[in-house]
Visitor: 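Questions regarding the structure given below will be posed in turn.
By convention here, the first residue in the shown sequence is residue 1.
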Amino acid sequence: MNATSEDGFFLGATAALDQSAPRRFVLPPHHLTTHAVILGMTGSGKSGLVTVMVEEAVRSSVPVVVIDVKGDLTNLLLAFPDFNAASLVPWVEPGPQAKGPNAREELAMKLAEERRVGLTAWGIHEAELAEYRASSHVRVLTPGADAGECLHVLSSLERRSSRWDNDVEGARSALSAAISLVLRLLGRDADPARSREHVYLSVLAERRLMNGESAEIGALLPEIVDPPIETIGALAVDDFIAKRARRELAAALNALLASPSFASWRQGATLDVAEWMAPVTTNPERPAKTPITIVSVAHLDDDERELVLGVVLEEILTWVRGLPGSQQLRGLIVFDEVYGFLPPHPASPPTKRPLVALMKQARAFGVGVVIATQNPMDLDYRSLSNAGLWCLGRLQTDADRARVLDGLVGNAGEEAAQLSGLLKKLAPRWFLMRDVRSRAGTVFLQPRWAMSSMRGPMTRGEIKRARGV
């Protein structure tokens, strides 16, 4: 099969449900502006399909932001430019039955040959691997840890952005998300519309930022106790928030500021999505590279993931809304394992609002969203109704199949019964695919082999090693 991506995303091969011979399948990039949902149980090949989508985006010069909850997609760092077994040696671990001084090398040779056979069967040879490696730039951000680049999660609060000069609305939205994060860390009401503390901090921070000053938490502390303003809205400051409440807020913020663990959230790269999406020039004499920015939160606990990703997604939404309209795909946001971050009503974690807004609005700006999970039960399918591309891998339980099909075709009738039976029997690395922009209806999809070495979740030490640190 021809591996070129000039005419779209070469995802693999498709076949009609009557099981006719598979044919090479290329997805037009603009089909992803209506977003994609990938569902499948463990072992279905879901992460492989997600990886192929990211690789094909890069081959089409479309920048990607990847939110990696499990640690699988840091494997994008392992896109080796050839079939040399030596590249795999540091990344394989022989099983307990393997013996001998060369066990690691022998396993690497076996896996390298499997990789060569698998990729060449799809028309991907060393030339394509080398071209992909040369044209892509993978960056890993690890908030709260130094495995990848540290990420200053409170950038919009503590580092003044040029948006305060040319996009005040966007700057306010990002500031609001950062202040909500701080208040959640304090265990206080973080709702921008209801929380007096949120409003108070926002007014003080915005005043400094609009004046070209820093709004670091340390600089805000004295102003919280003795504000440089007399009113908030129509009320005097003392009537809006009492002196005692201001002192308590300042004391709580000071304790947070003094916490060594909190320091890691306030250092590192600025949370700047526009920078993440910009082509990367590493050599002035060569073409710029297409960026893949991976925000890895596998090392965080559940509460920390929600808080951090809520801020990241709000920043992504702010960036999207600042773009001119487009019908072409100009960027891709990939969220692998969205379970728990987009739950049905009434649950509303910090990630839900920006995800719902992206699913509704990003299309108009040429930005696609790809959502994947192995746990389809706890998803807000009303939000996912905006998705135009569905890829369904094997789903073992009746409840999973019924829930998914109810969101896709309505859980009734002959079609639903047929699809339910197929979902139960699908082999690994096969999916049922439905694209609303295609006349083909529901078809089988077999993803091609990923160019990146899919070795499973990477530890912090392995991420450092893959980055060459």
Side-chain angles (χ1 to χ4, degrees), residues 3 12 40-56 58-59 66 68-134 136-140 142 145-149 292 294 296-299 334 336-337 372 374 393 427-430 446-469:
M41 62 182 287
T42 301
S44 63
K46 172 183 60 64
S47 293
L49 176 55
V50 171
T51 300
V52 168
M53 280 193 173
V54 173
E55 292 174 348
E56 287 301 312
V58 171
R59 296 177 81 195
V66 176
D68 187 14
V69 174
K70 297 188 301 177
D72 284 333
L73 294 186
T74 47
N75 288 172
L76 288 159
L77 288 165
L78 307 181
F80 305 118
D82 52 42
F83 297 128
N84 191 338
S87 301
L88 293 176
V89 170
W91 303 103
V92 299
E93 189 65 37
Q97 304 300 322
K99 298 180 180 179
N102 299 320
R104 185 183 295 272
E105 288 74 13
E106 291 171 359
L107 178 58
M109 290 181 62
K110 176 183 177 182
L111 294 177
E113 178 62 12
E114 289 178 358
R115 181 169 178 257
R116 184 193 68 79
V117 172
L119 284 169
T120 55
W122 291 101
I124 298 175
H125 304 275
E126 289 192 336
E128 286 77 21
L129 293 177
E131 181 181 3
Y132 172 76
R133 178 65 175 262
S136 62
H137 182 271
V138 182
R139 182 184 188 187
V140 180
T142 49
D146 64 355
E149 294 181 60
I292 304 171
I294 304 171
S296 177
V297 294
H299 57 286
V334 177
D336 187 31
E337 198 43 72
Q374 60 183 342
R429 299 188 67 246
W430 280 92
Q446 183 184 27
R448 66 162 176 79
W449 268 61
M451 291 184 285
S452 307
S453 180
M454 302 294 293
R455 64 176 301 276
M458 296 176 69
T459 66
R460 297 189 205 184
E462 288 172 336
I463 292 174
K464 279 188 175 183
R465 179 150 51 94
R467 294 175 57 234
V469 177

Visitor: Minimum heavy-atom separation for Pro81 and Leu129, please, with both atom names.
Guide: O-CB, 3.6 Å
Visitor: Can you name the nearest heavy-atom pair linking Ser44 to Gly393, along with the distance?
Guide: CB-CA, 4.4 Å
Visitor: Under 3.5 Å, is there a donor-acceptor pair between the side chain of Glu113 and the main chain of Lys110?
Guide: no
Visitor: Would you say the side-chain atoms of Glu105 pair up with the backbone N or O of Val89, donor to acceptor, closer than 3.5 Å?
Guide: no
Visitor: Give a yes or no answer on whether the side chain of Arg467 reaches the backbone of Ala147 with a donor-acceptor pair at less than 3.5 Å.
Guide: yes
Visitor: Mind running side chain to side chain contact (heavy atoms under 4.5 Å, CB included) on Thr142 and His299 for me, showing each step along the way?
Guide: CA-CA 8 Å; Thr142 49; His299 57 286; 3.8 Å; yes
Visitor: Can you find a heavy atom in the side chain of Thr51 that is under 4.5 Å from one in the side chain of Met454?
Guide: yes
Visitor: Roughly how far, to the nearest 0.5 Å, is CD1 of Ile292 from NE2 of His137?
Guide: 10.0 Å
Visitor: Is the side chain of Asp68 donor-acceptor paired with the backbone N or O of Leu73 at a distance under 3.5 Å, no angle test?
Guide: yes
Visitor: Search all heavy atoms of Ile463 against all heavy atoms of Gly148 and return the closest pair with its distance.
Guide: CG2-N, 4.1 Å
Visitor: Using 4.0 Å as the upper bound for N to carboxylate O, is an ion pair formed by Arg59 and Glu56?
Guide: yes
Visitor: As an exercise, state the distance from OG of Ser136 to CG of Leu76, rounded to the nearest 0.5 Å.
Guide: 8.5 Å
Visitor: If you take all heavy atoms of Ala450 and Leu119, which pair is closest and at what distance?
Guide: O-CD2, 3.6 Å
Visitor: Kindly compute the distance separating CH2 (Trp122) from CD (Gln446), expressed to the nearest 0.5 Å.
Guide: 4.5 Å
Visitor: For the backbone of Asp82 and the side chain of Arg115, can you confirm whether one donor and one acceptor N or O come within less than 3.5 Å of each other?
Guide: yes
Visitor: What distance do Glu126 atom CD and Asn84 atom CG have between them, rounded to the nearest 0.5 Å?
Guide: 8.0 Å
Visitor: Quick one: does Arg460's side chain have a donor or acceptor within less than 3.5 Å of a partner on Asp146's backbone?
Guide: no
Visitor: Could you state the interatomic distance from OG (Ser296) to CD (Glu149), rounded to the nearest 0.5 Å?
Guide: 12.5 Å
Visitor: Taking Arg455 for the side chain and Leu78 for the main chain, is one N or O donor matched with an acceptor at less than 3.5 Å?
Guide: no
Visitor: Looking at CZ of Arg448 and CD1 of Ile124, how far apart are the two atoms once the value is rounded to the nearest 0.5 Å?
Guide: 4.0 Å
Visitor: Side chain of Asp336, backbone of Val69: donor and acceptor closer than 3.5 Å?
Guide: no
Visitor: Partners of Thr42 by side-chain hydrogen bond (donor to acceptor under 3.5 Å, both in side chains), sequence neighbours excluded?
Guide: Gln374
Visitor: Between Arg116 and Trp449, does the side chain to side chain contact (heavy atoms under 4.5 Å, CB included) criterion hold? Intermediate values first, please.
Guide: CA-CA 10 Å; Arg116 184 193 68 79; Trp449 268 61; over 6 Å; no
Visitor: Between Ser47 and Lys70, what is the shortest heavy-atom contact and its length?
Guide: OG-NZ, 3.9 Å
Visitor: Considering non-hydrogen atoms only, spot the tightest contact between Trp91 and Glu462 and give its length.
Guide: CH2-O, 3.4 Å
